[in-house]
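Notes follow the structure.
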Amino acid sequence: MDILTALKEKSDYTTNQLQMIFGAWVLSGLFERNGSKVSATSGAVEEEDYDKKSVYSLLYSLYRSMGVVKSETGEPYEFTFNTWGYAWPKTWGPSPILATDPQRFGRNAYSGLFEFPQVKKYVAERDGKVHVVEMGCGTGAGANHVTMNVLPECTYEAVDMQQTAILTCQRRFVPQAKGRLVATCADCTQVPIADGVADIVVVNETHVTEHGGQVSNEDILFLGQIQRILKPGGLFVWGNAIPDDTWQPCFDHLASIGIKLVEERDVTLEAIQARDEDAGRADAYVEQCVEKFWGFRIPHLGRLKRLDAEIALKNFFRQPGTDLYDRMVDRTDTYKVVLLQKEG
Ligand SMILES: C[S@@+](CC[C@H](N)C(=O)[O-])C[C@H]1O[C@@H](n2cnc3c(N)ncnc32)[C@H](O)[C@@H]1O
């Protein structure tokens, strides 16, 4: 069982199934000839060694199965923001988010997408009644934050390819939005949304545009869908930590399809600060996860795979000391929040 490649995005794994999956993964250590795919020191996994559909399928089932957990300070919360986020930049004024919220950096990331003066003006001119489409929404935690706190008059369609994440959105967030939030399971390279309906397209840490210095075929399809569903003059707000040399090729490609860069904000330092301040919560989460699954208690093999699982999860969370954290420190990856606009 290779959990990095074998799981399916349309499957919703129960806790019992996860117990079997982790158990089988631990036992598969017996047959590993070339060692682990996970770097023992940095948690890095080579691109060709994993499939994002499998990894997110596992993660969203894991988050759902863990349910309410405790932060490092004992605060109960359900892990729903699959977001690194960033500390609220001082130059943006006081933070709109509670300093005690365990998922405050994720909330910051979503609030920050709407901080651009031009976005505020666009929304105000429509009395707040804008239609937002999010591509790669995960569990919809950010969609919920925006519909409840940032744009209380908007309508919002949140789309992700992962069935479990969309089911979480439908369970946790759709009911309280009282008809203003719809959650759709689809691959955003071919999203089932009509042309020209969105005032604002949101992309927040969606796992695309990850290839250094280039716009991949998937990226071209994904960005093309944004162009198609935006209204003329509509806005595209995008935040992520991606290879620094990928931003410009993406901007060039977007310009070639009629979406122009309006403003670019670099929050890499604040993203590193967030990871430093969030380290205790992430450690506590990883600990609670590995404790829950019996496979990791299998003598010897269980301990080895537990180390793999811990370092891989921590790298995914960009914990200090991991490969993805170091990539922000040396600016191989930069975290930017950008505003673009479709020609009107
Ligand atoms: C790091 S998570 C971020 C999720 C969410 N935006 C958040 O901040 O919590 C990346 C997400 O991108 C989604 N994703 C990647 N490629 C996608 C695609 N082609 N279509 C739809 N979703 C995609 C994944 O399924 C995953 O949920």
Side-chain angles (χ1 to χ4, degrees), residues 81-86 88-89 91-93 96-97 105-126 128-138 140-160 181 188 191 193 196-209 219 222-242 246-248 250-251 253-255 257-268 270-271 334-344:
F81 279 92
N82 201 6
T83 321
W84 303 301
Y86 46 86
W88 192 255
T91 50
W92 295 6
I97 309 301
F105 301 116
R107 286 188 195 277
N108 283 347
Y110 276 89
S111 285
L113 295 168
F114 300 91
E115 268 300 299
F116 296 101
Q118 193 163 331
V119 176
K120 291 184 173 171
K121 182 165 173 276
Y122 184 102
V123 173
E125 283 169 357
R126 288 156 183 81
K129 295 190 183 345
V130 288
H131 184 59
V132 182
V133 174
E134 180 174 357
M135 315 244 294
C137 64
N144 173 63
H145 175 65
V146 174
T147 48
M148 304 310 279
N149 305 315
V150 184
L151 301 176
E153 300 295 329
C154 78
T155 50
Y156 202 113
E157 180 160 2
V159 187
D160 201 284
L181 173 60
C188 290
V191 73
I193 292 178
V197 296
D199 289 289
I200 301 176
V201 169
V202 166
V203 172
N204 189 71
E205 299 191 14
T206 299
H207 198 120
V208 289
T209 63
D219 301 338
F222 185 91
L223 298 173
Q225 293 292 298
I226 295 174
Q227 195 279 342
R228 184 181 67 71
I229 65 176
L230 268 177
K231 292 179 180 172
L235 305 176
F236 168 29
V237 288
W238 176 19
N240 206 354
I242 60 171
T246 304
W247 285 108
Q248 194 55 51
C250 286
F251 296 151
H253 176 72
L254 283 162
I257 58 172
I259 300 182
K260 298 271 164 23
L261 182 64
V262 178
E263 196 179 334
E264 183 182 349
R265 296 173 165 189
D266 190 313
V267 293
T268 311
E270 289 84 355
T334 51
Y335 199 127
K336 294 188 185 191
V337 187
V338 297
L339 167 65
L340 301 103
Q341 184 166 34
K342 180 171 166 176
E343 283 162 359

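The first residue in the sequence is number 1, and the count goes up from there.
- Judged purely by atom type and a 3.5 angstrom limit, Asn240 uses its side chain to pair as donor or acceptor with the backbone of Thr206.
- Between the side chain of Trp88 and the main chain of Gly93, a donor-acceptor pair closer than 3.5 Å is present.
- In this structure, the side chains of Cys188 and Gln225 stay at 4.5 Å or more apart for every pair of heavy atoms.
- Closest approach of Val197 and His131 over heavy atoms only: O-CD2, 3.6 Å.
- Taking the side chain as every heavy atom from C-beta outward, Phe236 and Leu230 approach each other to under 4.5 Å.
- Using a distance-only test at 3.5 Å, with no hydrogens or angles considered, a donor-acceptor pair links the side chain of Glu205 to the main chain of Gly85.
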So Val202 and Phe114, side chain to side chain contact (heavy atoms under 4.5 Å, CB included) or not? Walk me through it.
CA-CA 10 Å; Val202 166; Phe114 300 91; 3.7 Å; yes
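- Considering all non-hydrogen atoms of both residues, Thr147 and Cys154 come closest at CG2-SG, 3.9 Å.
- In this structure, the side chains of Leu339 and Tyr122 stay at 4.5 Å or more apart for every pair of heavy atoms.
- Under the rule for a side chain to side chain contact (heavy atoms under 4.5 Å, CB included), the partners of Ala241 that lie at least two apart in sequence or sit in another chain are Trp84, Arg318, Met328, Tyr335.
- Looking only at distances, a side-chain donor or acceptor of Arg228 sits under 3.5 Å from a matching main-chain atom of Ile193.
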Please step through side chain to side chain contact (heavy atoms under 4.5 Å, CB included) for the pair Trp238 and Ile226, ending with a clear verdict.
CA-CA 11 Å; Trp238 176 19; Ile226 295 174; over 6 Å; no
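- Side chains of Ile200 and Val123 form a contact here, defined as non-hydrogen atoms less than 4.5 Å apart.
- Here the CD-OG1 distance, from Glu115 to Thr91, works out to 10.0 Å after rounding to the nearest 0.5 Å.
- Looking at heavy atoms from C-beta onward, Leu254 lies out of side-chain contact with Leu261 at the 4.5 angstrom threshold.
- One distance of note links CD1 of Ile242 with CH2 of Trp247; it measures 4.0 Å at 0.5 Å rounding.
- Counting heavy atoms from C-beta on, the side chains of Tyr110 and Glu134 come closer than 4.5 Å.
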Should Tyr156 and Leu151 be marked as a side chain to side chain contact (heavy atoms under 4.5 Å, CB included) after you check the CA-CA gap, both sets of side-chain angles, and the distance that decides it?
CA-CA 10 Å; Tyr156 202 113; Leu151 301 176; 6.0 Å; no
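- The closest donor-acceptor contact from the side chain of Arg107 to the backbone of Phe81 lies at 3.5 Å or more, if one exists at all.
- Atoms CG and OG1, on Asp219 and Thr246 in that order, are 8.0 Å from each other to the nearest 0.5 Å.
- A side-chain donor-acceptor contact under 3.5 Å links Gln341 to the backbone of Gly233.
- Here the closest non-hydrogen pair linking Gly112 and Val337 is O-CG1, 4.0 Å.
- Distance check, rounded to the nearest 0.5 Å: CG of Asn144 to CG of Asn149 gives 7.5 Å.
- Minimum heavy-atom separation, Gly196 to Lys231: O-CG, 3.3 Å.
- Judged as a salt bridge (charged side-chain N to carboxylate O under 4.0 Å, His left out), and not counting sequence neighbours, Glu157 has no contacts.
- Asn204 CG to Met135 CE: the interatomic distance, rounded to the nearest 0.5 Å, is 13.5 Å.
- Contact of the Val262 side chain with the Phe116 side chain is not registered, since no non-hydrogen atoms from C-beta on lie closer than 4.5 Å.
- A distance of 9.0 Å separates CZ of Arg126 from NZ of Lys121, quoted to the nearest 0.5 Å.
- Taking each heavy atom of Pro117 and Arg265 in turn, the nearest pair found is CD-NH2, 3.8 Å.
- With hydrogens and angles ignored, the 3.5 Å screen pairs no side-chain donor or acceptor of Lys342 with any backbone N or O of Gly234.
- Of all the heavy atoms in Ile97 and Ser111, the pair that sits closest is CD1-OG, 3.7 Å.
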